[in-house]
Amino acid sequence: IGTTQLPLSVATYFRVNGKDYLVPMALEEPSVVAAASHAAKLTHPEGFSASSDEPIMIGQIQFAGVKNISGAKRRILQSKQRIIKIANAQDSLIVALGGGARDVEVRILEKMLIIHLIVDVKDAMGANLVNTMSEAVAPYVQELVDGKPGLRIISNLAEKRLARARAVWKKSAIGADTVKGVIDAYEFAKLDPYRCATHNKGVMNGIDAVAIATGNDFRALEAGAHAYAALKGYRPLTKYYRDRNGDLAGEIELPIAAGTVGGITRSHPVAQVSLKILDVKSAQELAQVMACVGLANNFAALRAMVVEGIQRGHMKLHARHIAMAAGARGRLIKKLSKIMVTERRITSSRAGELLEKFRRIRKRK
Ligand code: NAD
């Protein structure tokens with residue numbers, strides 16, 4: 001019935017493996033973009049180092065209530081090449097590009113047999129591609145298994161498609177107290193899932209924004225990131241420690257299933273422009289930049305909390321929203337929010353009082 005729009009911004013100062021990037025971000029919170037840019041600036045002149053795995057995704061095919069489960073497993077593994085051939089017959093283009101189905105794995109979950117189709121999706125996110133292949137191989141696998149296929153769908157836990165980034169924030173630039181504070185904050189997240197959820201939310205703030213700007217599926221990224229974080233008990237996606245110079249080293253590792261082709265990446269005009277601004281040559285390069293954004297945003301949030309409390313940075317914007325919600329328009333929005341920030345009283349009732357007051361003054365004039 002309509003569309004909803006998000007502001008499109010560009011984060012700056014991202015130097016990744018020696019290359020400078022402008023990073024488009026679509027989200028409603030400008031402080032996230034400013035924070036990412038500032039955190040990236042503080043890594044200069046070295047910037048970030050990053051790497052990413054080959055774009056390997058997993059398709060799952062479920063068979064429930066299988067009778068001779070170990071016999072079925074053996075037959076499937078013996079027929080690997082045939083299964084791969086059927087999968088690859090679905091998409092000659094991906095095969096021509098050097099990708100396609102690579103392997104078949106079999107898992108037994110109680111009485112269920114789960115087949116993993118391992119697919120190199122090249123520069124795509126890969127869901128349509130993997131789903132098509134999984135559906136296509138299921139009837140053949142059924143001949144090898146005494147049972148009916150259940151689900152045939154991609155797994156968003158893209159654990160074979162990890163991206164990693166590292167950066168160092170010098171003690172001389174951020175201060176010894178911040179180095180200690182950020183490490184303490186990380187230790188807190190390691191020990192406590194309540195804190196860790198917010199820690200990882202800070203990682204995903206910017207990653208989601210880049211995903212939206214480039215037409216990628218941010219729900220898939222969210223699902224993958226949190227599932228990966230929970231693989232061995234819910235853990236932070238980043239880690240921080242003092243390097244041998246006493247500076248703060250930050251690292252991130254998470255699955256990033258994002259594409260530079262497929263979905264709406266090449267058809268949505270904003271996604272097209274965003275990919276042009278980013279100037280990435282492959283999905284793997286995009287994943288590296290996104291990992292750096294995640295690390296930058298997480299560092300920025302921790303630093304803000306350690307140094308001044310998160311609210312200071314958020315206050316101005318929050319005050320504007322409160323003023324607007326109370327009915328302020330035009331120049332009154334700025335006036336009201338400025339007063340509320342100075343008074344440190346950012347509430348709807350205060351905005352209402354101020355609005356009343358300004359309206360009375362205006363009437364008298
Ligand atoms: P897609 O099918 O639109 O594009 C992939 C196709 O592009 C490939 O099959 C290939 O034929 C072609 N292609 C051309 N050049 C290529 C290159 N260099 N590398 C790779 N492929 C190339 O898209 P997709 O990436 O398979 O699927 C992404 C979409 O699927 C997203 O919009 C997502 O929202 C949606 N989706 C997600 C889920 C999920 O995450 N669980 C489930 C269903 C659908």
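Residues Lys180 and Arg242 are in side-chain contact: their nearest non-hydrogen atoms beyond the backbone lie under 4.5 Å apart. Counting heavy atoms from C-beta outward, Leu286 and Asn216 have side chains that approach closer than 4.5 Å. Residues Glu251 and Arg164 have side chains not in contact (no heavy-atom distance under 4.5 Å, counting atoms from C-beta outward). When side chains are defined from C-beta on, Ile58 does not count as touching Val130, because their heavy atoms never get closer than 4.5 Å. Using a 4.5 Å heavy-atom threshold, the side chains of Met204 and His226 count as touching. Here the side chains of Leu302 and Phe188 are not in contact, with every heavy-atom distance at 4.5 Å or above.
With 3.5 Å as the limit, one finds no donor-acceptor pair spanning the side chains of Gln288 and Tyr21. No side-chain N or O of Tyr228 forms a donor-acceptor pair with one of Asn200 less than 3.5 Å apart.
Proximity of a side-chain donor or acceptor of Arg161 to a complementary backbone N or O of Ala257 within less than 3.5 Å is not detected. The backbone N or O of Ile86 lies less than 3.5 Å from a partner atom in the side chain of Gln90, making a donor-acceptor pair. Using modelled atom types, no side-chain atom of His38 and backbone atom of Ala300 make a donor-acceptor pair closer than 3.5 Å.
Within a 6.0 Å radius of OH in Tyr13, other residues, nucleotides and ligands contribute 12 heavy atoms or fewer. The neighbour count for Lys85 NZ, taken as heavy atoms of other residues, nucleotides or ligands under 6.0 Å away, does not exceed 12. Shown here is Tyr241, whose OH atom has more than 12 heavy atoms of other residues, nucleotides or ligands within 6.0 Å.
No continuous path of ILVMFWY side-chain contacts below 4.5 Å connects Leu157 to Met125, so the two sit in separate hydrophobic clusters. In the hydrophobic cluster analysis, where Ile, Leu, Val, Met, Phe, Trp and Tyr join through side-chain heavy atoms closer than 4.5 angstrom, Phe299 is grouped together with Leu27. Under the 4.5 Å side-chain heavy-atom criterion for Ile, Leu, Val, Met, Phe, Trp and Tyr, Val210 and Ile277 are members of distinct hydrophobic clusters.
Looking at residues two or more places apart in sequence or on another chain, you find a ring-ring contact (aromatic ring centres under 6.0 Å, His included) between Phe48 and Phe14.
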Next item on the list: Under the side chain to side chain contact (heavy atoms under 4.5 Å, CB included) rule, what do Asn297 and Met25 come out as? Steps first, then yes or no, please.
Entry: CA-CA 12 Å; Asn297 271 127; Met25 286 177 151; 3.8 Å; yes
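Using a 4.0 Å cut-off between charged side-chain N and carboxylate O, Asp20 and Arg15 make a salt bridge. Ion pair Asp192/Lys190 not flagged as a salt bridge, since none of the NZ, NE, NH1 or NH2 atoms sits closer than 4.0 Å to an Asp/Glu carboxylate oxygen. Using a cutoff of 4.0 Å between basic side-chain nitrogens and carboxylate oxygens, Glu54 and Arg102 are scored as salt-bridged. Using a cut-off of 4.0 Å between Lys/Arg side-chain N and Asp/Glu carboxylate O, Glu46 and Arg166 are scored as not salt-bridged.
Taking every heavy atom of both residues into account, Lys80 and Val104 meet most closely at CE-O, 3.1 Å. Closest approach of Ala173 to Leu42, counting heavy atoms only: CB-CD2, 4.4 Å. Shown here for Gly352 and Ala326, the closest heavy-atom pair between the two residues is N-CB, 4.2 Å.
Counting only residues at least two apart or in different chains, side chain to side chain donor-acceptor pair (under 3.5 Å) contacts with residues 267-276 are absent. Identified under the side chain to side chain donor-acceptor pair (under 3.5 Å) test for residues 58-73, with sequence neighbours left out: Gln60-His116.
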